[in-house]
Amino acid sequence: MTQSLGQGFTEGWLKAFKAFQNIDVGNLASHAPASEAQALKFPPEKLQQLQAEYLKEAAQLWNQTLQSSQPLKDRRFKAEAWSNNPLASFTAAVYLLNARTLMAMAEAADGDAKTKNRLRFAVEQWMAASAPSNYLALNAEAQQKAVETKGESLAMGLKNMLNDMQQGHMSMTDESLFEVGRNVATSEGAVVFENEFFQLIEYKPLTAKVYERPFLLVPPCINKFYILDLQPENSLIRYAVSQGHRTFVVSWRNPDQSLAEKTWDNYIEDAAIKAIHTVQDITGAPQINALGFCVGGTILTSALAVLAARGEKPVASATLLTTLVDFSDTGILDVFIDEEMVKYREMQMGKGGLLKGQDLASTFSFLRPNDLVWNYVVGNYLKGETPPPFDLLYWNSDSTNLPGPFYAWYLRNTYLENNIVKPGKCTVAGEKVDLGKLDMPFYIYGSREDHIVPIGGAYASTQVLPGKKRFMMGASGHIAGVINPPAAKKRSHWVRNDGKFPKTADEWIAGAEEVPGSWWTDWAAWIKGHGGKQIIAPKAYGKAGKYKASEPAPGRYVKARA
């Protein structure tokens, strides 16, 4: 069967090769429908150049294949089974040539930026899905393994597929090896308050004295908080506690139908603001320090703006990690957002309903399709492998739902209309939002290779927040850049100590200095300056008579599965 498919592929490719030689590329654009021609145009000279390059490379490829198989640089085809099989090697090489040409055609198109980004995204998804490595009949490595194991790898692949179908998502790690509260999210603490939106966890001090201003972390509600507390050696929560901060964390409830009608206002008033006031009440501190991560940073900033409109300033300093406040630059996620899409979501769930956690998880996975989708299709199903244990990927698979009205409001007022940065444009919890009133110090962090919050989007906060600021750029992406403990001695960060915040991130980077290792120590020194004096660490959780420890950390909310 494989040989027959391969021969058919080769014959089809040769026919396409001959046809491509005879295409009159100069007339391609004129034959497009009017609506498409207005959106995208392909300059004939660029297409002619691509055609010439394609034909040249295709001829070279055919001649090389007739002589011997060539090793391929793409990691999907690096196994010896590919290079040892001339037909498989040729199939992979043709695929890579077609992928390069299609992406070059997408780059050559003339059109507005959003349309071109959508074209690039569509081509990337198509090419990622159509790779010969994704199909047993064309994957030489999977075929070799099936022969060597006498079919056992195929049986295991089928077992893995059935298991994933039963659990409702594709396995990225061996999930049976992890349990929240047993070997992830293990920092010692207790739940000291809860309502229908969140549990507030207080952590046990690791120092004899703590700073008088307590520290509150607001994680994203589209993921679970324990990304900040995976293992003791890479836990930002444990690090903060070890630095002498009396630390509290918001653990969001995983929404069910009882929260299906909750709004953005509810999450600001009844969650973020409630958490701030509760920490003040427990500790007796007039002001606290706060940190928001990703969407948690957007929620925290909105809450601070609401409190400022009411004449309150309970937060002495704020830290934003990979957070969008100004949504002018949203990176690849922009391809999904337009008026029609937002209206559809508003009609679908604007008055009630749930956005399923798996829908969000799938969207984020397909932002990196080869790494987070097809890699596991090949490993889990075609080769029958069990993915290795990895705490971060276990967390990544532990998805959360979102209330529909909350999600619909968020889409329109952030990604679509960017209203939060427009003074008085947004009304949240009954107050007009004006970020110009947030004059407290901000520590703003962005990751250089972040595909969810691009570095330009993270940096944009420096242009709309008026107070004293420190901006930090770390290496790597959305998660790995943030979770980078000093002891690991990995990656770099970039600092700029002249106090200047030019208009763009590129201009800031041009004047920045690269420093090896984690950015955590820089942040620790910064927040220490806002902690106030040191006092004796509390001996018990919560506050006598009002906020008693109800259950040990990490609490039950974080254990609810979507």
Note: His169 and Ser397 closest approach over all heavy atoms is NE2-CB, 3.9 Å

Original post:
Take atom CD in Gln231; do more than 12 heavy atoms of anything else shown fall under 6.0 Å from it?
Top reply: yes

Does Lys469 qualify as a cation-pi partner of Phe501, given the criterion of NZ or CZ under 6.0 Å from the six-membered ring centre and within 45 degrees of its axis? yes

I'd like a table of donor-acceptor pairs (distance under 3.5 Å, sequence neighbours excluded) in which one partner is a side-chain atom from residues 420-430, with atom names and distances.
from: Lys422; atom 1: NZ; to: Glu417; atom 2: O; distance (Å): 2.8
from: Thr427; atom 1: OG1; to: Lys432; atom 2: NZ; distance (Å): 3.3

Contact check, side chains of Thr298 and Thr323, non-hydrogen atoms, under 4.5 Å | yes

In this structure, OG1 of Thr319 is separated from CE of Met472 (nearest 0.5 Å) by 11.0 Å

Q.
Is it the case that over 12 heavy atoms from other parts of the model lie below 6.0 angstrom from the NZ atom of Lys343?
A. no

Scanning both residues in full, the closest heavy-atom pair of Arg491 with Ile483 reads NH1-O, 4.0 Å

Examine Phe471 together with Phe442 and report whether their ring centres are nearer than 6.0 Å.
no

Next item on the list: Check whether any side-chain heavy atom of Leu402 lies under 4.5 Å from a side-chain heavy atom of Cys221, and answer yes or no.
Entry: yes

CG (Leu230) and CG (Leu236) are apart, to the nearest 0.5 Å, by 10.5 Å

Note to self: Determine whether Tyr557 and Phe198 satisfy the following criterion, ring pair (Phe, Tyr, Trp, His ring centres under 6.0 Å), listing intermediate values before the conclusion.
What the structure shows: CA-CA 7 Å; Tyr557 278 11; Phe198 74 100; 8.4 Å; no

#### Entry: Ion pair check, Arg448 and Glu514, cut-off under 4.0 Å
no

**OP:** Dump the intermediate steps for ring pair (Phe, Tyr, Trp, His ring centres under 6.0 Å) on Phe406 and Trp252, then the final yes or no.
**Re:** CA-CA 14 Å; Phe406 168 96; Trp252 297 102; 8.1 Å; no

Smallest heavy-atom separation, Asp391 atom then Val184 atom, equals CB-CG1, 4.0 Å

Exercise. Between Trp523 and Phe215, does the ring centre distance come in under 6.0 Å?
Worked result: yes

Query raised in the report: Hey, are Glu449 and Arg368 close enough for a salt bridge, meaning a charged N less than 4.0 Å from a carboxylate O?
Result: no

- Would you mind checking if Glu269 and Arg310 are paired as a salt bridge, meaning a charged N to carboxylate O distance below 4.0 Å? yes

Closest non-hydrogen contact found for Ser133 with Leu382 is O-CD1, 3.4 Å

| message | Closer than 4.0 angstrom, basic N to acidic O: yes or no for Arg470 and Asp522? | response | yes

- Query: Is Lys351 paired with Glu261 through a side-chain N to carboxylate O contact shorter than 4.0 Å?
  - Reply: no

Show the atom names and distances, to 0.1 Å, of all donor-acceptor pairs under 3.5 Å that link a side chain in residues 334-342 to residues at least two apart or in another chain.
from: Asp334; atom 1: OD1; to: Lys114; atom 2: NZ; distance (Å): 3.0
from: Asp334; atom 1: OD2; to: Lys114; atom 2: NZ; distance (Å): 3.2
from: Asp338; atom 1: OD1; to: Glu340; atom 2: N; distance (Å): 3.3
from: Asp338; atom 1: OD1; to: Met341; atom 2: N; distance (Å): 2.8
from: Asp338; atom 1: OD2; to: Arg118; atom 2: NH1; distance (Å): 3.3
from: Asp338; atom 1: OD2; to: Arg118; atom 2: NH2; distance (Å): 2.8
from: Glu339; atom 1: OE1; to: Arg412; atom 2: NH1; distance (Å): 3.4
from: Glu339; atom 1: OE2; to: Arg412; atom 2: NH2; distance (Å): 2.9

Closest heavy-atom pair, Asp329 versus Gly456, reported as atoms and distance to 0.1 Å, is OD2-CA, 3.6 Å

Taking side chain as C-beta onward, heavy atoms only, is Met172 less than 4.5 Å from Ser365? yes

message = Does Tyr344 have more than 12 heavy atoms from other residues, nucleotides or ligands lying within 6.0 Å of its OH?
response = no

- prompt: If you measure only the distance, is there a donor-acceptor pair under 3.5 Å linking the side chains of Tyr226 and Asp398?
  reply: yes

Is it the case that atom CD in Gln166 sees more than 12 heavy atoms from other parts of the structure closer than 6.0 Å? no

